[in-house]
There are 2 protein chains.
Amino acid sequence: MFSKTCEYAIRAMIYIAQQSKSGGKTGFKQIAHAIDAPEPFIAKILQQLGRENLVQSSKGPHGGFYINEQTMNRTLADVVKAIDGDKIFSGCGLGLTFCSEKNPCPIHNEFKSIRNQMQQMLQSATVSQFNDLLDRRLVHLGRN
Amino acid sequence: MFSKTCEYAIRAMIYIAQQSKSGGKTGFKQIAHAIDAPEPFIAKILQQLGRENLVQSSKGPHGGFYINEQTMNRTLADVVKAIDGDKIFSGCGLGLTFCSEKNPCPIHNEFKSIRNQMQQMLQSATVSQFNDLLDRRLVHLGRN
DNA sequence: AAAATAAAAGACTTTTTTATCTTTTATATA
DNA sequence: TATATAAAAGATAAAAAAGTCTTTTATTTT
Ligand code: FES
Ligand code: FES
């Protein structure tokens with residue numbers, strides 16, 4: 001559904017958001033460990049997210065990654081778009097081009113509906129929405 | 001959403017189904033041309049589909065690929081499962097493991113619903129369902 | 001039986017994605 | 001201002017997916 005890179009990105013965002021609530025900054029190594037992902041790969045992904053202003057960062061001692069007030073309200077859809085582009089939200093889910101609005105294939109409308117639901121769901125899910133559950137340790141971001 | 005291999009497989013199945021209606025067999029070169037896909041790659045994919053009994057084939061002169069009566073009713077879900085496995089139908093759409101039925105994440109239920117709809121749609125779409133539209137040239141399987 | 005045809009199987013190459021390593025730049029603190 | 005720290009940037013490596021080629025096997029027709 002999404003690329004591995006994108007999955008890591010989402011988990012990283014959710015983790016950083018939680019850590020940032022209390023004003024803390026987090027290094028990429030800690031992030032990688034928390035979400036059980038390869039360190040240098042997470043570093044690369046965070047750079048991408050930074051360029052898209054989906055995370056903030058500061059260099060030097062006590063530096064690290066964090067998420068500010070506004071960014072807390074960014075949605076999972078933003079993250080997906082930044083990493084995987086918007087091909088998931090547009091075009092045929094089968095990746096086919098042989099049908100159109102005017103000459104819909106037998107599954108055209110169902111596909112459209114599902115795609116729209118997916119988009120709406122991701123657009124209404126903010127990265128900070130998970131903070132509470134993480135705090136209460138009801139969910140965990142690792143792989144186990 | 002699906003792998004390229006899977007997209008080719010679906011388009012090939014749909015094409016072969018239409019050609020088979022009138023009892024004809026089709027060579028992999030013709031199939032590749034019709035769906036605008038690389039010839040040797042399609043040959044490989046057809047072998048996979050053959051092993052899963054999703055297409056029939058016969059060797060020698062006037063041989064080729066075809067789809068018999070029963071197979072006409074196989075669904076797109078069968079093709080997807082044969083090529084990409086069933087990971088699209090199971091587990092979290094985000095590829096995450098940090099939530100469960102008991103401790104659902106904020107988007108758990110929406111995700112579940114969407115995934116189920118997707119599965120139902122693919123399970124109710126047969127490969128022969130496209131024959132009519134192809135006959136009437138309302139849709140085309142090529143890339144242009 | 002021999003020749004021709006067409007798929008099956010297996011080895012191989014290219015491209016893309018995923019992951020890693022090294023050097024540079026920026027910032028804080030002593 | 002020197003040193004330590006941490007991210008940014010860029011180059012490289014490994015793995016997976018996509019695509020290609022060659023040989024083998026089965027079938028039909030002559
Ligand atoms: S072929 Fe994908 S929606 Fe019609
Ligand atoms: S994290 Fe994917 S459904 Fe909950």
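So that the names make sense, note that chain A is the first sequence line, chain B the second, and so on, each numbered from 1.
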| query | Looking at residues 53-62 of chain A, who's got a heavy atom less than 4.0 Å off DNA chain C? | reply | A:Lys59, A:Gly60, A:Pro61, A:His62

| message | Checking A:Leu49 against A:Phe65 for the side chain to side chain contact (heavy atoms under 4.5 Å, CB included) test, could you report, in this order, the C-alpha distance in whole Å, the side-chain angles of both residues, the deciding distance, and whether it holds? | response | CA-CA 11 Å; A:Leu49 293 172; A:Phe65 293 90; over 6 Å; no

| query | Going 5' to 3' along nucleotides 10-22 of chain C, which nucleotides have protein heavy atoms under 4.0 Å from the base (write B), which only from the sugar-phosphate (write S), and which from neither (write -)? | reply | B-------SBB--

| query | B:Phe65 CZ to C:dT5 C1': how many Å, rounded? | reply | 13 Å

| query | Among residues 19-33 of chain B, which contact DNA chain C at a heavy-atom distance under 4.0 Å? | reply | B:Thr26, B:Gly27, B:Phe28

| Main-chain N/O of A:Thr75 paired to A:Asp78 side chain as donor or acceptor, under 3.5 Å | yes

| said: Output the rounded distance in Å from CD1 (B:Ile83) to P (D:dA16). | reply: 19 Å

| query | Taking CD from B:Glu52 and C1' from C:dA8, how many angstroms apart are they, rounded to a whole number? | reply | 15 Å

| Under the side chain to side chain donor-acceptor pair (under 3.5 Å) test, residues paired with B:Gln18 that sit two or more places apart | B:Asp135

| note | dist B:Ile31:CD1 -> B:Leu46:CG (nearest 0.5 Å) comes out at 5.0 Å

| Between C:dA9 (P) and B:Gln48 (CD): distance, integer Å | 11 Å

| Listed by chain and number, what are the salt bridge (charged side-chain N to carboxylate O under 4.0 Å, His left out) partners of B:Asp84, not counting sequence neighbours? | none

| Across the strands shown, which category fits B:Gly50 at heavy-atom distances under 4.0 angstrom: base, sugar-phosphate, nothing? | nothing

| task | Considering non-hydrogen atoms only, spot the tightest contact between B:Tyr66 and B:Ile16 and give its length. | result | CA-CG2, 3.6 Å

| Nearest non-hydrogen partners of A:Glu7 and A:Phe2, listed with the distance | OE2-O, 3.8 Å

| task | Respond yes when some side-chain nitrogen or oxygen of A:Arg51 is under 4.0 Å from OP1 or OP2 of D:dA9, and no when none is. | result | yes

Show me the donor-acceptor pairs within less than 3.5 Å that the side chains of residues 55-64 of chain B make with the rest of the protein, sequence neighbours left out.
residue	atom	partner	partner atom	Å
B:Gln56	OE1	B:Asn68	N	3.0
B:Gln56	NE2	B:Thr71	OG1	3.4
B:Ser58	OG	B:Lys25	NZ	3.4

| field | Audit row: A:Gln120, A:Gln117, side chain to side chain contact (heavy atoms under 4.5 Å, CB included) steps and yes/no | value | CA-CA 5 Å; A:Gln120 275 171 32; A:Gln117 284 178 57; 5.7 Å; no

| said: Can you give me the closest heavy-atom contact between B:Val127 and B:Ala17, atom names plus distance? | reply: O-CB, 3.9 Å

| request: For the pair B:Met1 and B:Met118, evaluate side chain to side chain contact (heavy atoms under 4.5 Å, CB included) and give the outcome as yes or no after the intermediate values. | output: CA-CA 11 Å; B:Met1 182 95 78; B:Met118 172 81 75; 3.7 Å; yes

